[in-house]
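Counting begins at 1 with the first residue of the sequence. Note: hydrogens, waters and symmetry copies are ignored here, and every other heavy atom, side chains too, is used. Predicted, not measured: the structure shown is a model, and the values here were computed from it.
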Amino acid sequence: MARIEVEDNGKGIPKEILQNVVQPYYTNKKDGRHFGLGLSLCQKIMLEHRGSIEVKSPASAEGKGTIVTLYLPAGSRKRRKRH
């Protein structure tokens with residue numbers, strides 16, 4: 001597997017909503033401008049490529065960022081014939 005890790009130094013994600021962040025249309029924003037599609041689209045793309053996504057906001061550092069890790073199969077896969 002290849003691993004890509006992205007970390008920010010934002011305010012983090014509260015533990016009680018962390019398991020929901022990759023669900024389509026889930027948002028904890030109340031401003032009506034956010035639709036909760038970003039991480040769910042990332043997860044869909046990762047699954048299409050036989051990979052996965054993991055989102056962590058370390059409990060020991062709550063309020064100090066989030067880590068998103070993408071896992072993809074390493075190596076090449078056979079190409080499908082296009083008709």
Side-chain angles (χ1 to χ4, degrees):
M1 297 294 275
R3 184 181 86 195
I4 301 166
E5 195 170 272
V6 179
E7 183 175 356
D8 71 17
N9 61 355
K11 62 183 181 175
I13 300 171
K15 189 184 337 180
E16 61 272 7
I17 67 167
L18 193 59
Q19 72 272 5
N20 299 320
V21 296
V22 295
Q23 298 304 315
Y25 304 106
Y26 179 81
T27 182
N28 66 339
K29 306 284 192 274
K30 305 296 184 217
D31 64 8
R33 295 183 304 149
H34 296 89
F35 298 103
L37 289 173
L39 287 174
S40 67
L41 289 174
C42 290
Q43 180 176 7
K44 182 178 181 194
I45 292 167
M46 295 304 294
L47 292 173
E48 286 176 359
H49 292 280
R50 300 180 323 195
S52 63
I53 184 171
E54 177 181 74
V55 182
K56 292 184 196 174
S57 199
S60 62
E62 190 168 317
K64 298 190 178 177
T66 301
I67 302 166
V68 177
T69 308
L70 307 173
Y71 297 94
L72 286 165
S76 63
R77 67 178 199 195
K78 291 182 181 179
R79 291 184 168 207
R80 295 182 196 166
K81 288 185 178 181
R82 295 186 182 225
H83 294 87

Notebook entry, point to check: For Y71, what are the other residues in its hydrophobic cluster, where any two members join if their side-chain heavy atoms are less than 4.5 angstrom apart?
Noted result: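 Reading the cluster by chain and number, Y71 sits alongside M1.
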Nearest atoms (heavy-atom pairs only) where [X] meets [Y]:
X	Y	answer
S52	M46	O-CE, 3.4 Å
L39	V21	CB-O, 3.5 Å
V22	S40	O-CB, 3.2 Å
I13	S57	N-OG, 2.9 Å
E16	Q19	O-NE2, 3.4 Å

Margin query: E5: which residues meet the side chain to side chain contact (heavy atoms under 4.5 Å, CB included) condition with it, sequence neighbours left out?
Written below: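 In terms of side chain to side chain contact (heavy atoms under 4.5 Å, CB included), with neighbours along the sequence ignored, E5 is linked to R3, I67, T69.
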Next item on the list: Please answer whether the main-chain N or O of G65 pairs with a side-chain N or O of N9 as donor and acceptor at a distance below 3.5 Å.
Entry: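 Side chain of N9 to backbone of G65, a donor-acceptor pair under 3.5 Å: no, none is there.
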Checklist line | Path from L47 to L70 over hydrophobic side-chain contacts below 4.5 Å | finding: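 In one cluster with L47: L70, no.
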Check: Would I45 and H49 count as a side chain to side chain contact (heavy atoms under 4.5 Å, CB included) if you check the C-alpha gap in whole Å, the side-chain angles of each, and the deciding distance to 0.1 Å?
Finding: CA-CA 6 Å; I45 292 167; H49 292 280; 3.9 Å; yes
